[in-house]
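Here is the naming used below: chain letters follow the sequence lines, and residue numbers restart at 1 for every chain. Values below: every heavy atom of this structure, side chains too, minus hydrogens, waters and symmetry copies. Since we're looking at a predicted model, the values are computed, not measured.
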There are 2 protein chains.
Amino acid sequence: MLSKKTKYGLKALTYLASQSKREPVQISEIARHENISQKFLESILLTLRKAGFLGSKKGKGGGYYLLKDPSEIPMTTVIRVLEGPIAMVPCVSLNFYEKCDDCPDENKCAVHKLMLQVRDSVLQVYRNNTLADLITE
Amino acid sequence: MLSKKTKYGLKALTYLASQSKREPVQISEIARHENISQKFLESILLTLRKAGFLGSKKGKGGGYYLLKDPSEIPMTTVIRVLEGPIAMVPCVSLNFYEKCDDCPDENKCAVHKLMLQVRDSVLQVYRNNTLADLITE
DNA sequence: TTTTATCCTATAGTTTTACTAGATTTATTA
DNA sequence: TAATAAATCTAGTAAAACTATAGGATAAAA
């Protein structure tokens, strides 16, 4: 299951990406438009800013804005920041690899064999989509 | 992330599938061979039996055994029983569909658009693999 | 200096996960 | 038929993760 954090984060990012002008948008506006708790969204946007996706401006007329063009933001990086590893098990993760302590031999492990395929196919989808591809209209 | 329940369940199923004879195997043997807590495995095997994958025999010489040929058991059904919905969000689930209450129009939702693709690609992998395909050697 | 808005830390409630304990039931076998 | 081996059932729980909220600090603009 996708966490609410990831879901809301994606919605906020696409809302910012769909903006005609690249000017700061207030948290309250995003929260209202996407039906998200403002306080929760606040912490999510902070994560996205620290990860380098967003810039922010304080004070009146402040808010959040995208730092890059939406077509330059692949889903792989967004998902990894919001949701964590793309792989379903650490032993098939590219960026967060960890050996299973219950498994003597990965090459003979059925779970490993299956999840390698899942990882590859999911990765292909995420690599194939940038933020720009998710904007409708 | 894949739950331990699913991971252990898959391992237990492949262990049973790799058996040369289709005779009852004791929980303790599976637990020992796959490094799984016996009590936890017990509840997992119960789930698999109730779902129709396994049969059981009580008393001495009892245990669990596969009811079908491994090639007749697709991963889609196994994963749905152990892990639940394959879709990452309920609004793209085939078997467990639910509308998001924060989302006025699914067709304009970025999360929906992306997760539809993820669901399709993951489904393809699970449909392409039966229990028989996971056995090595 | 007042208003507006982000920044930051803490924390509370809920749900899920991963297991454990122990009593019960059933089937074999001596 | 009594003993024993083995599965079943019920219940509970500790820890972690997730979701959300509170409250004040900080910074910028008017």
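Results of the side-chain hydrogen bond (donor to acceptor under 3.5 Å, both in side chains) test with Y15(B) over E34(B), E29(B), H33(B) single out E29(B) as the only residue that passes.
Annotation for K99(B): atom NZ counts as buried by contact number, over 12 foreign heavy atoms lying within 6.0 Å. When the shell of 6.0 Å around CD of Q19(A) is examined, it contains more than 12 heavy atoms from other residues, nucleotides or ligands. Other residues, nucleotides and ligands place no more than 12 heavy atoms under 6.0 Å from the CD atom of E98(A).
What separates NZ of K58(B) from P of dT29(C) is a distance of 17 Å, to the nearest Å. One atom, NZ of K4(B), and another, P of dT17(C), lie 12 Å apart when rounded to the nearest Å.
Between E42(A) and K39(A), at least one side-chain nitrogen of the basic residue sits less than 4.0 Å from a carboxylate oxygen of the acidic one, meeting the salt-bridge criterion.
Note that the CG atom of D120(B) and the CZ atom of R127(B) stand 8.5 Å from one another [nearest 0.5 Å]. L10(B) CG to I79(B) CD1: the interatomic distance, rounded to the nearest 0.5 Å, is 5.0 Å. Rounding to the nearest 0.5 Å gives a distance of 11.0 Å between CZ of F53(A) and OG1 of T47(A).
Listed by residue number, Q26(B), I27(B) are the residues of residues 22-29 of chain B with a heavy-atom contact under 4.0 Å to DNA chain D. Non-hydrogen atoms lying under 4.0 Å from DNA chain D are contributed by S37(A), K39(A), F40(A), all within residues 32-52 of chain A. Looking at residues 77-102 of chain B, you'll see that no heavy atom sits under 4.0 Å from any atom of DNA chain C.
A distance-only check finds a donor-acceptor pair linking the side chain of R119(B) to the backbone of V92(B) [under 3.5 Å].
With the nearest nucleotide of DNA chain D identified for both S3(A) and K57(A), S3(A) has the one nearer the 5' end. Residues L2(A) and K60(B) both approach DNA chain D. Their nearest nucleotides, taken by heavy-atom distance, put K60(B) toward the 5′ side.
Nearest heavy atom pair, residue A31(B) against residue L41(B), reads N-CD2, 3.6 Å.
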Take K113(B) and D133(A), measure what salt bridge (Lys or Arg N to Asp or Glu O under 4.0 Å) needs, and give me the verdict at the end.
-> CA-CA 9 Å; K113(B) 197 175 180 182; D133(A) 297 311; over 6 Å; no
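Taking side-chain N and O atoms only, Y8(A) has no distance below 4.0 Å to OP1 or OP2 of dT19(D).
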